[in-house]
Every structure is written in structure tokens, then in C-alpha cells.
Amino acid sequence: MKRKDYLLLFEKYAAKILILSMVILVFASGVARFLKYPINWAVDMSTFMFAWACFFAFDVAWRE
């Protein structure tokens, strides 16, 4: 594989991991809020993860 292929593979996995982490964090935040222990930074972190996942996914889509 070429170096470019490794970068594309990294971007695919990074986007998947970021989206999955974001979903888990938002779900955990909802459960914690229900239990009266809100996670205040969860919205900011999930927005950060979503933005990076979009950047990676856009680059993968552009290359393919």
C-alpha cells in the first residue's frame, strides 16, 4: 500500500471512532442528566468530535 492509502484508511477509522464516541457521550450525558448528575462538557466535546468527524469524512468522500 502507498502512503496515501494509509492516510485514507486512518481517516476512515478516525471518522468512525469519532462518530461512535460522540453517540456514546451524548447518550451517557442524557442518562447522567436523568440521574441528576449532568455532564456539563459533553455537549462541547460532542460538537468538537462531530466537526472533526465531518472533516475526515469529507476528505474520504472527496478522495473516493
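These values consider heavy atoms only, across backbone and side chains, with no hydrogens, waters or symmetry-generated copies. Sequential numbering from 1 along the given sequence is applied to the chain's residues.
For the atom pair CE of Met49 and CG of Asp44, the computed distance is 11.0 Å after rounding to the nearest 0.5 Å. Distance check: Ile24 CD1 to Ser46 OG gives 12.5 Å after rounding to the nearest 0.5 Å.
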**Q.** side-chain contact (heavy atoms from CB on, under 4.5 Å) between Leu8 and Glu64, intermediate numbers included
**A.** CA-CA 9 Å; Leu8 186 63; Glu64 291 186 352; 4.0 Å; yes
Q: Give the C-alpha distance, both sets of side-chain angles, the deciding distance and a yes or no for side-chain contact (heavy atoms from CB on, under 4.5 Å) between Lys16 and Glu11.
A: CA-CA 9 Å; Lys16 289 176 186 179; Glu11 288 175 338; over 6 Å; no
Q.
For a side-chain contact (heavy atoms from CB on, under 4.5 Å) check, start with the C-alpha distance between Trp41 and Leu25, then their side-chain angles and the critical distance, and finish with the verdict.
A. CA-CA 10 Å; Trp41 51 268; Leu25 183 61; 3.8 Å; yes
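Under a 3.5 Å cut-off, the side chain of Ser21 and the backbone N or O of Ile17 do form a donor-acceptor pair.
The environment of Arg63 atom CZ is dense: over 12 non-hydrogen atoms of other residues, nucleotides or ligands sit within 6.0 angstrom.
The only member of Thr47, Ile19, Leu18 that meets side chain to side chain contact (heavy atoms under 4.5 Å, CB included) when paired with Trp52 is Leu18.
When hydrophobic clusters are built by joining Ile, Leu, Val, Met, Phe, Trp and Tyr residues whose side-chain heavy atoms come closer than 4.5 Å, directly or via intermediates, Phe34 is grouped together with Phe27. Linking Ile, Leu, Val, Met, Phe, Trp and Tyr residues whenever their side-chain heavy atoms come within less than 4.5 Å places Phe55 and Met45 in a single cluster.
Across every non-hydrogen atom of Phe50 and Met22, the tightest pair is CB-SD, 3.4 Å.
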